[in-house]
Amino acid sequence: MGNSEDNKPSNFIKEIINKDIDNNKNNGRVITRFPPEPNGYLHIGHAKSICLNFGLASEYNGKCNLRFDDTNPTKEEQEYVDSIIEDIRWLGFHWGEKELYASDYFDELFEYAVKLIKKGKAYIDSSDGDQIKEMRGMPTKPGIESPYRNRAVEENLDLFMRMKNGEFKDGEHVLRAKIDMSSPNMNMRDPIMYRIKHATHHRTGDKWCIYPMYDWAHGQSDSIEGITHSICTLEFENHRPLYDWFVKELEIHHPQQIEFARLNMSYTIMSKRKLLQLVEDKHVDGWDDPRMPTISGLRRRGYTPEAIRNFAEMVGVAKRDNVIDYSLLEYSVRDHLNKQAQRVMSVLRPIKVILTNYPEGQIEEMEAVNNPEDETMGTRMLPFSRELFIDMDDFKEDPPKKYYRLSPGSEVRLRYAYIIKCDEVIKDPATGEIIALHCSYDPETKSGVGTSTKKVKATIHWVSAQHAIEAEVRLYDRLFNSSDPAGDKEVDFLSHINKDSLEILKNCKIEPFLKNAKIGERFQFERLGYFAVDNKNTTTDNLVFNRTATLKDAWTKIENAKNK
RNA sequence: UGCCCGAUCGUCUAAUGGUAGGACACCGGCUUUUGGCGCCGUAUGUGGGGGUUCAAGUCCUCCUCGGGCAACCA
């Protein structure tokens, strides 16, 4: 990358790396890794870690491996592997030849285990799960040693081979490291290295019936790959002494583990287990539901990789627990889309406007700017005619104070067209419902002509009735009403679900320019927000848009303040 | 009541013994054919007590508060 890094903020991890480079540790090399377990989809919290690990590798001209931590065949699936690969690619990161797997190292890990057994540093425990748990003690109380702890090396070796060969049932034996049952660190109380699981692995099939535990596999996988800086989240801090113990006993390369605080965000949950529950219980439309904090959900919602990467940069990296304002994520996507998105006019809740003094059958082409932030995006022509649609929000029969938009007798500008005045409100005599507005336009006020001396306080968007095309628009709000949905262990997080988080609007009227909008394409609907063409429900005759984010809206703010 | 980690504006995050700064949010103003964008400004912070020092957010110490650790999960 170029000089753009000059403004990237520093953090405590970079300082450690800088020191290591100064000391010529690892010959000044930086190799990181991102190690997801393929048991769910990636979310915005993972994005922070991905940007950190791949970002560091790129800044220090090193590399970052993608390695799947696939040590538990009963929880892991190929679907998740595929989604993780897709999401990281989409974010814009690369990991060389191919992705790696902890399961690539099962043979090596097995040999390492044999080595520890031979050194007398590991043993087969034939206690059952409850007994092992019992003997482990409590954080405040030391554990006690297993009766099998002092088995002979030969017996351990023999048992371990037979475990591998499938001679035992699940749970009959485990291999444990022989460390210290009275350690104040629970992780050092003879942690389990291997357990028997007669399960089919998504990659190794039925080759193995013993599988390494994460604590045993992870550090050694890092070591095998020559990882220099093994960056993980805070909850693994207490595991570091164990990882250090393993590589020391094995006399292999020592990756330095560094822990940072995981990302939390207000009004959202980050637990994969809870996200899975939302999916399985159909509270959302899959892992990629636009309300989900998953990468695939944000993508479907219309977020850009740039916005997510920039967000990851803005939240920073530190060791204290944190809760990021949801508004920072929204800011990041608005900021990027503002510079990048094609502007377009779209009416979500249409009211018909008839310009009584505009000639019937006449059509004018109005020139509209595609993006005021980027002149190179050019202009387009908008058809204008006697019958238009405007948005319900832009008309009020009894306008409150400071309401600048259309109301009986008032004037507004139609964006890129004329100033109009509302002369008459036409209602259904039976229901009292507003059917149409009769307005008159001022021919002297055509946009861009410069013949107008009139000033109006508001400009509203519109589409020509006969030229409009129809679309479905989905408006999203936060999935949870509580700023910390999982905060109270006594309360089910599902009870905080926002029932109004999805609103589907049919028969929205959008300008003809959008006729050929492609899946995933993003637009700014002027004055309304950013919208992206949905990748799941859009068909040739049903164009579906997802609202990515609203525009900031001073009027709504004024209204909300009044209602308080 | 054991071990580990942490504590700076409302929320994040800098300041590496020498003027507590930035971003988001908020409030106010300017600008505006998007009540958008942009620009300007106001306000808001070192958890507490001792100590070291000419000088402490930073170092020492005690306290307080918060988080993590007792899966054959990762």
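Proteins come first, then strands; the chains are lettered A, B, ... in the order of their sequence lines, and each starts at number 1.
- Nearest nucleotide to the side chain of A:Val174, out of B:A14, B:C72, B:A23: B:C72.
- With B:G35, B:G36, B:G67 as the choices, the nucleotide that has an atom nearest any side-chain atom of A:Asp321 turns out to be B:G67.
- Residue side chain A:Glu559 does not reach the base of B:G35 through any donor-acceptor N/O pair under 3.5 Å, judged by distance alone.
- Of the candidate nucleotides B:C4, B:G68, B:C24, B:C4 has the atom nearest to the side chain of A:Glu237.
- Taking both residues in full, the closest heavy atoms of A:Ile227 and A:Thr32 are given as CD1-O, 3.5 Å, listed atom of the first, atom of the second, then distance.
- Heavy-atom distances to RNA chain B give each of A:Ser10 and A:Glu235 a nearest nucleotide, and the one nearer the 5′ end belongs to A:Ser10.
- Taking every side-chain heavy atom of A:Ala318 into account, B:U13 is the closest of B:U13, B:C24, B:A74.
- When both distances must be under 3.5 Å, the Watson-Crick or G-U wobble mate of B:G18 is B:C54.
- The nucleotide B:C65 finds its pairing partner in B:G6, both defining distances of the Watson-Crick or G-U wobble pair being shorter than 3.5 Å.
- Here A:Phe531 and A:Phe525 bring their ring centres to under 6.0 angstrom of each other.
- Of the candidates B:C12, B:C27, B:G35, the closest approach to any side-chain atom of A:Val315 belongs to B:C12.
- With a 3.5 Å ceiling on both atom-pair distances, B:C37 lacks any Watson-Crick or G-U wobble partner.
- Listed nucleotides: B:U34, B:A23, B:C69. Nearest to the side chain of A:Leu328: B:A23.
- Closest to the side chain of A:Pro184, out of B:G2, B:C72, B:C24, is B:G2.
- B:A23 is paired with B:U11 under the criterion used here, namely a Watson-Crick or G-U wobble arrangement in which both key atom distances are under 3.5 Å.
- Using the six-membered ring where Trp is involved, A:Phe160 and A:Phe110 have ring planes that are parallel, under 30° apart on the 30 and 60° scheme.
- One atom, CG of A:Asn187, and another, P of B:A74, lie 13 Å apart when rounded to the nearest Å.
- For the pair A:Arg189 CZ and B:C4 P, the computed distance is 14 Å after rounding to whole Å.
- Where A:Ser327 and A:Ile196 meet RNA chain B, the nucleotide closest to each residue was compared, and A:Ser327 sits on the side nearer the 5' end.
- Of the listed nucleotides (B:U33, B:C3, B:A7), B:U33 has the atom at the smallest distance from the side chain of A:Arg413.
- One side chain, A:Asp215 or A:Tyr243, offers a donor N or O that lies under 3.5 Å from an acceptor on the other.
- Here, B:U42 and B:C59 have their P atoms 32 Å apart, quoted to the whole Å.
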